[in-house]
Colleague: 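Quick one: this structure, given as structure tokens, is what I'll be asking you about.
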Amino acid sequence: MNPNMTLVRWLTLLVPVACCLFASRGLLHYFQLESYQFPGFFRTLKRNRIHSLLPGVCSAASSLLLLYFFDLLALRDAAQWIAVAAMCALLPAACALGYAIGRAFSEKHAKKKFVFTGRIKRLYVVFFLVMTLVSWLCAQTPWAALPAMWPLALPVVVALSGLLAWPVEKSISECYFRDARKKLLANPNLIRIGITGSYGKTSVKHILGTILGEKYPTLITPASFNTPMGVTRAIRERLTPSYQVFVGEMGARHVGDIKEMCRLVHPSVGIITSVGPQHLETFKTIERVAKTKYELIEALPEEGGHAYFFDDGAFCTKMYEKTHKLKTLCGFNAQTADCWCEDVRVSPQGSAFRLHIRGKGSVECHTRLLGEHSIQNILLAAAAASDLNLTLKQIAHGIEKLEPVKNRLELMTYPGSFTIINDAFNSNPVGAKAALKVLKGFPSRRIIITPGMVELGAQEAEYNRDFGREMAGCVDIAIIVGKKRAMPIIEGLKDAGFPENAIHRVDSLDESTKLLHTLVLPTDTVLYENDLPDHYQEA
């Protein structure tokens, strides 16, 4: 056999592999953003068809082009050293083209950047092996062009690589998980608190951590670390014997997620902040959301466990009534609640109210947090702190120290400029309504910039339409970002009689910023409501 033919076969095999290794960056980023969950990954591919399919299409075209030039130059019949030199040149060329493709179809200004974690590095190794195998299998067929055409199925190859890597990752994460649990349970006197809810859990976590800090060294999970591996990492990296309280935020996108978190934390205190239409894309119904949140209460010990609920007159109230464990109800009704408030005064500068805890008295409280819903979060934290033996004076002092959580109704004022209310972290129907209520308390003019809400399943358009109707009575100018989700919001605004000349639709956040600076006055207040994750951006 002509020795050059062996080189040709290797070249045919490796050129598409080299190209796809770099071109797949955006696809791997999507996989990472979806926490390596396959259902979410495939939904992201469906939402972002162009950015999902074109890397493979361009990789196939590039591979065909490079191999064509190899044949065109008749290098397969040239001297062997010339063929080797050509091969050595073509592989870097394939890598360079793949890199260019990867850059072209990746988010240029990603909010959550692609991070080369240990898991991604291991996934790349599996990905390379899978691509090589697929390329080799294609090379065994009689169709000469097929080895260069398999990149058309690049998203499927990425998913297959993730599936093959899963057992290894599961065993690694389980080792970390057990180590964190062992460390958490090593101190029998450590008070372990779990917080979950459709919304408000991060705020309640920070509020409770600040209040408990008046008496106890308290560790709260940082930022929005609310997945099993996120909480595991926080425990392994931050928990020391000096802490007396651990507060873990527990997020969920599927039934069973909270149960898994409780297997790690073993909480003795459980706080459910709310149940609402959040993550309906995965849960499908609010009833399944409620069932998942209640997994926290089921995990509390019969002896020594304590559950806290907000009296929402709906799911949380039903949960309170359902459980027979030690429980506390917080709310605005002094007749039914164990912890409530009276004489509430809400202003653009914050809130003031009188906090009551049944059997322990009352205290005047002041906070810089905006909105009545912030008081709801404070009540839950105050009730738990009181049962952990903080005095009313300590609780009030902690409440006065509270600062807004970043990107959650964060008030930003600049001398001589307009006021910003930054509520860009996330949005849901209840949270958006609360943000609009806060905005309405500011003097006109009031401007909103929003892309709408996501992860609301089949009802997403209707929720965004209702958002537009609610918006009409609270803002003077509406800047709607995007295309698909923008239309229901605009329809809702028009349904409510909002003037059409005050509605502006733009394609991106950058465009909204440019438009804002042509409209805004120094006396205006601007609400940024939601900022979509990278994998929800509309192409």
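As the structure is a computational prediction, the values presented were derived from the model and not from experiment.
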Colleague: Going through the distances and angles, do Glu462 and Arg465 end up as a salt bridge (charged side-chain N to carboxylate O under 4.0 Å, His left out)?
Modeller: CA-CA 5 Å; Glu462 189 54 40; Arg465 196 170 287 109; 2.8 Å; yes
Colleague: Might you confirm whether atom OH of Tyr99 has over 12 heavy atoms from other residues, nucleotides or ligands at distances under 6.0 Å?
Modeller: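 Not buried by this count: 12 neighbours or fewer within 6.0 Å.
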Colleague: Please check if the side chain of Lys205 supplies one atom and the backbone of Ile220 the other of a donor-acceptor pair under 3.5 Å.
Modeller: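 Answer holds: no.
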Colleague: Is NZ or CZ of Arg119 both nearer than 6.0 Å to the six-membered ring centre of Tyr36 and within 45° of the ring axis?
Modeller: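 Ring-cation test returns yes.
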Colleague: Is it true that, when you exclude Arg354 itself, more than 12 heavy atoms of the residues, nucleotides or ligands shown sit nearer than 6.0 Å to its CZ?
Modeller: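 Correct, the count exceeds 12.
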Colleague: Verify whether one side chain among Thr202 and Glu249 offers a donor that lies under 3.5 Å from an acceptor in the other.
Modeller: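 Their side chains do contain a donor-acceptor pair, which is all the 3.5 Å distance test asks for.
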Colleague: Output the distance between atom CD1 (Ile448) and atom CG (Leu439), rounded to the nearest 0.5 Å.
Modeller: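 Here the interatomic distance stands at 7.0 Å.
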Colleague: Do Arg47 and Glu34 meet the salt-bridge criterion of a basic N to acidic O distance under 4.0 Å?
Modeller: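 Yes, Glu34 and Arg47 are salt-bridged.
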Colleague: Would you call the rings of Phe114 and His29 parallel, tilted or perpendicular, where under 30° means parallel and over 60° means perpendicular?
Modeller: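 Answer is tilted, since the angle falls between 30° and 60°.
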Colleague: Other residues, nucleotides and ligands only: do more than 12 of their heavy atoms fall within 6.0 Å of OH on Tyr176?
Modeller: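 Counting other residues, nucleotides and ligands, OH of Tyr176 stays at 12 neighbours or fewer.
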Colleague: When the ring planes of Phe309 and Tyr320 are compared, do they come out parallel, tilted or perpendicular, using 30° and 60° as the limits?
Modeller: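 The arrangement is perpendicular - the two ring planes meet at more than 60°.
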Colleague: Within a reach of under 6.0 Å around NE2 of His397, are more than 12 heavy atoms found that belong to other residues, nucleotides or ligands?
Modeller: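 Count not over threshold, so no.
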Colleague: Give a yes or no answer on whether the side chain of Ser35 reaches the backbone of Gln37 with a donor-acceptor pair at less than 3.5 Å.
Modeller: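 Absent.
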Colleague: Closer than 4.0 angstrom, basic N to acidic O: yes or no for Lys440 and Glu470?
Modeller: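 Not counted as a salt bridge, because no side-chain N and carboxylate O are separated by less than 4.0 Å.
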Colleague: In terms of heavy-atom contacts, does NZ of Lys360 have more than 12 from other residues, nucleotides or ligands at under 6.0 Å?
Modeller: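 Yes, NZ of Lys360 has more than 12 neighbouring heavy atoms, counting only those of other groups under 6.0 Å.
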Colleague: Looking at Asp495 and Arg469, does any basic side-chain N land under 4.0 Å from a carboxylate oxygen?
Modeller: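 A salt bridge links Asp495 with Arg469.
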Colleague: Is the charged tip of Lys318 near the ring of Phe315: under 6.0 Å from the six-membered ring centre and within 45° of its axis?
Modeller: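 Yes - Lys318 lies over the ring of Phe315, closer than 6.0 Å to its centre and within 45° of its axis.
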Colleague: Is there a donor-acceptor contact under 3.5 Å from the side chain of Thr391 to the main chain of Gln394?
Modeller: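 Side chain of Thr391 to backbone of Gln394, a donor-acceptor pair under 3.5 Å: yes, one is there.
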